[in-house]
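What follows is a single structure, written as structure tokens, with notes after it.
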Amino acid sequence: DLSALHASKLTLAARTGIPLARWGRGLTVLLEKIMGNNYVHRLRAICLFEADFNWWQKLVFAKRMMRLAGDKSIIPDEIFSKRGSHCNYATMTKTFFCDTSKILHHPAALEEEDFEQCYDRTAHPPQAIALRSWGVDKQSVRMLLSAIRCMQYCLKTGFGESERRYGGTEEDPIAGSCQGSGFAPGGFSSVSSLAVNAYRRLGHGAKIESAYSGRVFFLAMIMWVDNTDALHWAPAPTTSDEELIAQVQAATNDWGALVHATGGSLGPDKCSLYLLSYRFVSGRTKIKSLHHLPQPTTMVTWKDGGNRVFAPSHVTIPRSDGTAAPIATLGVSHASKMLGSHFAPIGDGTKHIEKMRQKGLDWVDRITARPLLSRDAWFSFDLQLVPALMWGLVAVILSPSKLEEMLGKLYFAALPLLGVNRHIGTEWRTLPECYHGLGLPNFVSAAIAAKIHFLQCTWERGDPAGNLGVASYEAFLVELGMY
């Protein structure tokens, strides 16, 4: 009876569009993004809702709405953060895009355009339009957004919980979809889909024709939540660098305006540009380095890891205050981090493997500082370290010998902590336990298996990763004269 009464209250609120009074209170918890870094501007703010309110959000927006959008095929191909996809697909799509440009010697550009505070800046009017376009009824949208725009928050940190509350009113509402809500991921997908579709209708994006079959593939950008990479394809192989930069600038201005229309903003520190342009030296094609590109308009400081370095800038992004901010132009050999993988257009996975090896050496240092029993060290190794090392192997472009050499040094440091002689032969390290080996992962075999599995999942399936993979493969065969 109590369950039926509770369900009736939820149904009544959803049908009338009037939220329960207690749903208008939220608890904001500040969590560390990076362990030990507790500066306020580096903390992650997570909002804790009433349990039944958040459950209703997940039911309506995360499950029913997203299932309907998938069934009706209204989620753009540019949105990779959806059921049946994986963030590695986004990385591989970028790889295929750059490979196709390099094989065909066709000028192109890859522009990183990440959002600032994506969930916290969403404007409610376009959000309501987006939710309605994805099939959510008017009363449910009204109830959700009216609860959020007038919600009263209190703050909780390690020092305690605040007594004063802050929030919006009907006269002065707040925006956003709140980090931690069951509605936020699906809601952001819906509103970003409106912006992507408008961007495509303006004529921006990459239109690629496969080299042999003549199939045409179109993809404007690669989005995983707020991580966005815009794809720019020059209209002709003879397009000059100045014309390519002008094309990128026009597309960036339009995308920035669309982002502002949804309430969002592009962060200069989160945006960068790769220019894939080519020059011919003694009849051989070479990709241009930074000093072969046109004179930059200005120089900017770029955060490379933990350091600030100077970088040239050829393109600006529009800001919400009406100004324009220059963004860094990176060299094609420079690896930038996206979705846990370090990607360089030139096709070099050395930086990613170096970071993974350093992650393993950090694990060795922690276990050395606070020793564990061998069985506990094995438990941590199998469940914590190995999955972290395996991340992104599908997108790593590196020779097997170099991959084995770089990660073999990690085993040399880690084996004593596992109670094993570090001088044991490589074959005994990776031999399965049933044959009296240690059963440690063979990263070369794991990388090959990940790539084969990726091809099985995407090849000729009609998704963007598979389509650009086909285009890249056909261009490669034609280049070799095998067609």
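Keep in mind that what you see is a predicted model, and the values were worked out from it rather than measured.
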Pairs of donor and acceptor atoms involving the side chains of residues 185-197, under 3.5 Å and at least two apart or interchain, shall be tabulated with distances.
unit_1, atom_1, unit_2, atom_2, d
S189, OG, P185, O, 3.1
S190, OG, Q127, NE2, 3.2
S190, OG, G187, O, 2.6
S192, OG, F188, O, 2.7
S192, OG, S189, O, 3.1
S193, OG, S189, O, 2.7
N197, ND2, S193, O, 3.2

Please report, to 0.1 Å, the donor-acceptor pairs under 3.5 Å made by any side chain of residues 444-454, with sequence neighbours excluded.
unit_1, atom_1, unit_2, atom_2, d
K451, NZ, V394, O, 2.9
K451, NZ, V396, O, 2.7

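- Using a 3.5 Å distance cut-off with no hydrogens or angles, the side chains of T91 and N88 do not pair a donor with an acceptor.
- For E78, the salt bridge (charged side-chain N to carboxylate O under 4.0 Å, His left out) partners are R200, not counting sequence neighbours.
- Side chain of T329 to backbone of S272: no donor-acceptor contact under 3.5 angstrom is found.
- E111 and H232 share a side-chain donor-acceptor pair at under 3.5 Å.
- In summary, the side chains of S181 and Y119 do not present any donor paired with an acceptor at a separation below 3.5 Å, with no hydrogens or angles considered.
- By the 4.5 Å heavy-atom criterion applied to side chains, R149 and H124 are counted as neighbours.
- Using a distance-only test at 3.5 Å, with no hydrogens or angles considered, a donor-acceptor pair links the side chain of S146 to the main chain of R142.
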R64 and L59: CA distance, side-chain angles, deciding distance, side-chain contact (heavy atoms from CB on, under 4.5 Å) verdict: CA-CA 6 Å; R64 293 179 179 174; L59 175 66; 3.8 Å; yes

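- Counting non-hydrogen atoms of other residues, nucleotides and ligands closer than 6.0 Å to NZ of K58 gives a total of 12 or fewer.
- The salt bridge (charged side-chain N to carboxylate O under 4.0 Å, His left out) analysis of residues 454-470, with sequence neighbours excluded, yields the pairs R215-E460.
- Annotation: side chain of F97 is not in contact with side chain of I222 (no heavy-atom distance under 4.5 Å).
- A cation-pi contact links K94 to F343, judged by a cut-off of 6.0 Å to the six-membered ring centre and 45° from its axis.
- You'll find the side chain of M356 reaches within 4.5 Å of the side chain of K359, heavy atoms only.
- The salt bridge (charged side-chain N to carboxylate O under 4.0 Å, His left out) search around D99 returns K102, not counting sequence neighbours.
- Using a 30° and 60° split on the angle between ring planes, W23 and F53 fall in the parallel class, below 30°.
- Within a 6.0 Å sphere centred on CZ of R44, other residues, nucleotides and ligands contribute 12 heavy atoms or fewer.
- Considering every non-hydrogen atom in both L276 and P345, the closest pair reads CD1-CB, 4.3 Å.
- For the pair H314 and Q249, the tightest heavy-atom approach, listed with the atom from each and the gap, is O-OE1, 4.4 Å.
- Residues satisfying the ring pair (Phe, Tyr, Trp, His ring centres under 6.0 Å) criterion with F61, sequence neighbours excluded, are W56, F183.
- In summary, the side chains of Y274 and S336 do present a donor paired with an acceptor at a separation below 3.5 Å, with no hydrogens or angles considered.
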side-chain contact (heavy atoms from CB on, under 4.5 Å) between I353 and T350, intermediate numbers included: CA-CA 5 Å; I353 298 303; T350 303; over 6 Å; no

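- When the shell of 6.0 Å around NZ of K72 is examined, it contains 12 or fewer heavy atoms from other residues, nucleotides or ligands.
- Residues T316 and I327 fail the side-chain proximity criterion, which asks for heavy atoms closer than 4.5 Å.
- Within the 3.5 Å criterion, the main-chain N or O of S213 finds a donor-acceptor partner in the side chain of E474.
- Contact check for I75 versus W134: side-chain heavy atoms found under the 4.5 Å cut-off.
- When the side-chain contact (heavy atoms from CB on, under 4.5 Å) test is applied to H260, the partners found at least two apart in sequence or on another chain are P318, S320.
- Note: H106 and W233 meet the aromatic proximity criterion, with ring centroids under 6.0 Å apart.
- Under the salt bridge (charged side-chain N to carboxylate O under 4.0 Å, His left out) criterion, E50 pairs with R22, sequence neighbours left out.
- Within a 6.0 Å radius of CZ in F280, more than 12 heavy atoms belonging to other residues, nucleotides or ligands are found.
- Put simply, the side chain of R42 never gets that close to the backbone of N37: no donor and acceptor are under 3.5 Å apart.
- Scanning for side-chain contact (heavy atoms from CB on, under 4.5 Å) contacts around L385 gives W363, F381, L389, with sequence neighbours left out.
- Interatomic distance, S177 OG to I148 CD1, rounded to the nearest 0.5 Å: 6.5 Å.
- N54 contributes no side-chain N or O that, together with a main-chain N or O of F49, makes up a donor-acceptor pair within less than 3.5 Å.
- Residues passing the side-chain hydrogen bond (donor to acceptor under 3.5 Å, both in side chains) test with D241 are S277, K288, sequence neighbours excluded.
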Intermediate values then yes/no, side-chain contact (heavy atoms from CB on, under 4.5 Å), D77 and L219: CA-CA 7 Å; D77 289 339; L219 194 67; 4.1 Å; yes

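- In the model, T228 has no side-chain atom that pairs as donor or acceptor with a side-chain atom of E113 under 3.5 Å.
- The side-chain contact (heavy atoms from CB on, under 4.5 Å) test applied to C87 returns W224, L339, W391, not counting sequence neighbours.
- Annotation for V315 and L273: closest pair CG2-CD2, 3.6 Å, computed over non-hydrogen atoms.
- For an aromatic pair to be called close, the ring centres must be under 6.0 Å apart, and Y153 with Y166 satisfies this.
- Taking each heavy atom of E242 and P294 in turn, the nearest pair found is OE2-CG, 3.7 Å.
- V309 has its side chain out of reach of T301: every pair of non-hydrogen atoms, C-beta onward, lies at least 4.5 Å apart.
- For the pair I79 and K82, the tightest heavy-atom approach, listed with the atom from each and the gap, is O-CE, 3.1 Å.
- Taking a cutoff of 4.0 Å between a charged side-chain nitrogen and a carboxylate oxygen, E112 and K337 do not qualify as a salt bridge.
- In this structure, S210 contributes its side chain and G214 its backbone to a donor-acceptor pair below 3.5 Å.
- You'll find the side chain of D348 stays beyond 4.5 Å of the side chain of S333, heavy atoms only.
- When all heavy atoms of P19 and G17 are compared, the pair lying nearest together is CD-O, 3.8 Å.
- Using a 4.5 Å heavy-atom threshold, the side chains of W55 and L10 count as touching.
- Atom CZ of F218 has more than 12 neighbouring heavy atoms from other residues, nucleotides or ligands inside a 6.0 Å radius.
- Not a single salt bridge (charged side-chain N to carboxylate O under 4.0 Å, His left out) links R357 to another residue, sequence neighbours left out.
- Rounding to the nearest 0.5 Å gives a distance of 6.5 Å between CG of L131 and CG of L145.
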Verdict with reasoning, M221 to Y199, per side-chain contact (heavy atoms from CB on, under 4.5 Å): CA-CA 10 Å; M221 56 184 54; Y199 182 78; 3.6 Å; yes

